[in-house]
Amino acid sequence: MNYTQLSFWILFLLVHGVYWRVGHRRQNQLLLVASYFFYGFWDYRFLFLILISTVVDFIGGLGVAGVRLPRARLLRLGALVLGAAFVLCVPWRAHPHRLVDFAVPLATAGVIALYGAALPRLYRGPQRRKWFLVISMVANLGLLGFFKYCDFFISSAHDLLAALGLAHAPAPLLHILLPAGISFYTFQAMSYTIDIYRGAVEPTDDFGDFALFVCFFPHLVAGPIMRAHTLLPQVMRPRTRRPGDFEEGLALVVIGLFKKIALSDNMATIANAIFYRLADGATASMSGAEVLVGVYAFAFQIYGDFSGYSSIARGISKWLGFDLVVNFHLPYLATSPSDFWRRWHISLSTWLRDYLYVPLGGNRHGRRREYRNLMLTMLLGGLWHGARWTFVAWGLYHGLILCIYRLAGIRDVSPREHFGRWLVRVVVMFHLTCAGWLLFRADHFGAVARAASLMATHFVITQTALTAAALITFYAGALFILELVTDGEGRIRRLLESSPAVQGAVYGYLVSMTLFFHARRAYEFLYFQF
Amino acid sequence: MSSSTSSSNRKLVRTGAIVLAAMIALEVVTRTLLVPASNDLARFVRYPADARALIAAPGERIALVGNSTTQAGIDPPLLGELLGARWHAPVSVRMFAADGAGIDVIYWMVEHEFARQMLAPDLLIVTFYGNTLEDGERIEVGRLAQFFTDRADWRELCRFDLPSLSERADLLLSSLWMTFAVRDRIKERVLDLIPGYKNTMSEVNAANFHHDQLLDYPPRPTVTTHAALRRFVARQRARGIDVLFVAYPSKPAPGAEVAYEISDEARRVIAQGGMRLLDLRRIGLQPSDYRDNIHVNDAGRVVFTRHLSDALAAMSPPQLSRR
């Protein structure tokens with residue numbers, strides 16, 4: 001179930017139909033049920049993971065703040081987790097009869113018993129705050145590490161051993177299914193406990209509110225990653241229908257659907273054709289210009305896909321009385337790598353800055369430490385995106401260009417200050433970003449090498465390259481102008497304050513393009529796999 | 001606040017009215033200009049009249065139903081002429097083809113053009129290739145909604161052919177809204193204004209198709225079924241229509257004798273329905289007779305038409321055999 005499917009909108013209409021007719025508590029319960037239903041639609045077993053993350057951080061957050069949960073509530077939470085393990089993780093359809101069929105509930109019972117036994121000591125201990133924080137980190141990073149990276153590390157270790165002539169049998173992969181959005185909700189849950197540890201946020205003792213904070217469905221599987229100080233108060237406070245929310249939500253949803261369906265999916269068709277051939281080595285008839293246009297197409301595919309998701313998430317949240325943070329701000333108009341990361345996936349880049357770069361020392365301990373911290377932060381940021389070496393390389397590449405720009409002392413410039421210089425910087429930065437997208441999208445390093453070689457040695461402007469470039473302009477051109485006017489989503493009200501004729505033209509264009517110019521194949525949102 | 005809310009509501013209503021007016025204007029343009037200007041769509045509109053004209057013609061009346069391979073591969077006037085000479089009787093042949101039509105779409109085309117008008121050709125020839133007789137082929141819902149079905153068919157359509165919610169929503173919107181139904185053609189027409197569009201997209205689609213095949217996308221069902229074929233055969237049998245299935249000779253891969261296999265299940269369904277199957281996959285077409293991997297060119301069309309007429313001539317004329 002996702003935003004481009006009718007089933008989602010039927011669910012949303014049902015929820016919305018009831019939502020504003022009930023009180024605040026009921027609203028939260030309704031959203032919690034809808035969020036779990038939405039998430040369980042992918043694979044109901046994944047609900048168990050989100051529940052573990054929620055319970056651990058709920059107890060941990062309170063523990064860090066020195067709030068001790070009564071025994072009865074702890075028992076209820078334990079029973080909830082154990083019950084969920086039994087209901088969700090036993091293969092009931094296969095008539096379970098072996099001990100291994102009950103492995104997850106039994107392991108869960110063991111962990112709950114251990115945690116329960118340790119809790120009184122944890123509450124009493126002098127290092128209480130630190131221990132609860134460590135447990136939260138280990139639980140969330142453990143989930144993320146196992147489900148997202150386990151097979152990656154096994155296969156990488158196996159490749160290394162094979163290269164040394166020490167491994168001959170196939171890699172013993174576990175073929176673990178990647179739970180949708182696990183990177184998003186684990187990061188969000190972790191930030192809650194860390195913020196309490198830092199004294200930046202007060203914990204909540206309402207489990208329902210906290211569970212909704214973790215799994216609020218509009219942003220659950222692909223962000224934006226919300227912080228506790230922004231989202232939790234919105235969950236806890238009664239919400240009202242604010243004037244302008246409907247219009248703003250509508251604009252965001254329509255723009256978001258356009259970005260995904262008309263822009264991203266059509267760009268995917270072009271980009272895939274180029275990258276498939278690069279991956280397969282079928283590049284005999286390809287020119288470097290075609291590769292370059294393929295990379296441009298991917299740049300707009302990923303922008304349309306991810307920022308489209310964020311726009312829709314923000315739009316439907318508006319309809320429910322919530323404000324989610326702006327996640328993109330004209331990223332391809334960045335003039336430097338640091339400017340780019342202030343505009344692209346803002347909720348992740350600020351997360352990495354606040355919870356990784358700054359704690360590592362940031363720029364406080366000299367240049368060398370600063371560059372090391374930048375490289376480390378970007379490397380982990382790359383790895384966050386997926387379990388592949390090309391993502392690691394993409395992260396390192398961004399770390400490297402950040403360091404180079406800082407080393408060279410290239411400072412940002414505004415178009416009002418010096419338009420020509422600004423334009424050159426934008427064009428250069430866009431191409432640096434595209435070079436990064438080449439690493440990001442390529443299936444393996446061989447494809448990257450082929451692409452680079454074609455661009456360097458056989459850069460011929462063919463009719464195919466020109467036509468593909470014209471198609472990119474056709475799909476992205478009008479959006480670019482609209483986003484310039486509305487400053488991304490920063491001043492979306494400019495659109496809403498314009499005359500009905502202007503709004504009619506904009507909506508008419510966006511709706512027509514979405515309905516009549518969608519790609520033949522609808523692609524899954526790219527960031528679901530992260 | 002309430003005055004600002006009501007003014008904002010008024011603005012929203014006006015904006016909605018402008019969008020609606022634009023959509024209505026587009027619908028008028030689609031119906032009055034685009035549909036008549038499109039060869040395909042104009043043909044679909046003409047099919048009911050074509051069916052009536054065929055049935056009103058003297059002598060043997062043959063309806064050719066299929067997809068783009070039928071259209072590219074058979075020359076109806078030549079077939080009529082060749083058969084007329086062999087059977088010593090006038091023979092009328094009309095073609096009813098829709099690109100990419102599988103047996104499920106062919107079912108509805110025959111229903112719409114013939115059964116609904118209480119018309120029955122003497123012989124119905126259904127050409128097929130690859131897996132067009134199998135279930136699970138993608139259906140172009142807009143075309144089906146506007147040209148080959150009407151509301152009376154919705155229950156059967158939804159039960160057998162359009163099981164998913166999105167397909168049913170597509171059916172509803174497409175039947176009410178021509179612009180939406182023919183959106184693929186609008187897109188092609190507009191984008192065709194970009195120089196080199198067709199060639200570029202055929203390159204792009206070929207690369208994507210090749211890769212999708214390697215990945216087995218979209219995943220085909222592990223068990224091949226022929227429910228739509230079974231339904232088609234049962235329906236024509238109940239109406240007493242003589243149907244001949246013709247296996248079309250698409251281009252085999254280098255070294256292969258034929259381009260595709262005809263499943264035993266399909267053969268069985270056709271035979272059990274008392275219908276005939278004519279296998280023309282091996283008629284000696286040369287690579288130069290094809291314009292791509294599937295469709296024959298003008299020279300190939302003459303060869304295929306002659307082979308078809310020879311095979312038909314060896315059978316007794318449909319009306320005579322019935323008398």
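Letters A, B, ... mirror the listed sequences (proteins, then strands); counts begin at 1.
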Not counting sequence neighbours, which residues clear side-chain hydrogen bond (donor to acceptor under 3.5 Å, both in side chains) with A:Glu497? List them please. none

Contacting moiety of A:Tyr509, where chain B heavy atoms sit under 4.5 Å: neither

With A:Glu524, which residues qualify under salt bridge (charged side-chain N to carboxylate O under 4.0 Å, His left out), at least two apart? none

Please classify the contact of B:Val190 with chain A as side chain, backbone, both or neither, using a heavy-atom distance under 4.5 Å. side chain

Taking side chain as everything from C-beta outward and backbone as N, CA, C, O, which of these in A:Leu466 sits under 4.5 Å from a heavy atom of chain B? Side chain, backbone, both or neither. neither

Can you find a pair of side-chain heavy atoms, one from B:Asn208 and one from A:Arg520, that are under 4.5 Å apart? no

Part of A:Phe517 within contact of chain B (heavy atom distance under 4.5 Å): both

Can you confirm whether B:Met201 sits close enough to A:Thr269 that some side-chain heavy atom of one is under 4.5 Å from a side-chain heavy atom of the other? yes

Residues of residues 17-26 of chain B contacting chain A, heavy-atom criterion under 4.5 Å, by residue number: B:Ile18, B:Val19, B:Met23, B:Leu26

Among the options B:Asn205, B:Val13, B:Asp184, B:Leu165, pick out the one with the most heavy-atom pairs lying under 4.5 Å from chain A. B:Leu165

Among B:Asn199, B:Ile186, B:Thr179, which residue has the highest count of heavy-atom pairs closer than 4.5 Å to chain A? B:Thr179

Determine all donor-acceptor pairs shorter than 3.5 Å in which one atom belongs to a side chain in residues 272-283 of chain A; sequence neighbours excluded.
{"residue": "A:Asn272", "atom": "OD1", "partner": "A:Arg441", "partner atom": "NH2", "Å": "2.9"}
{"residue": "A:Asn272", "atom": "ND2", "partner": "A:Ala268", "partner atom": "O", "Å": "3.3"}
{"residue": "A:Arg277", "atom": "NH2", "partner": "A:Ser285", "partner atom": "OG", "Å": "3.1"}

Please assess A:Glu247 against B:Lys11 for the test side chain to side chain contact (heavy atoms under 4.5 Å, CB included), listing each intermediate value before the final yes or no. CA-CA 10 Å; A:Glu247 291 87 334; B:Lys11 200 171 186 179; over 6 Å; no

At a heavy-atom separation under 4.5 Å, does A:Ser498 approach chain B through its side chain, its backbone, both, or neither? backbone

Nearest 0.5 Å please: distance from the OG1 atom of B:Thr15 over to the CG atom of A:Leu250. 9.5 Å

If I measure from the heavy atoms of chain B, does A:Thr462 come under 4.5 Å with its side chain, its backbone, both, or neither? neither

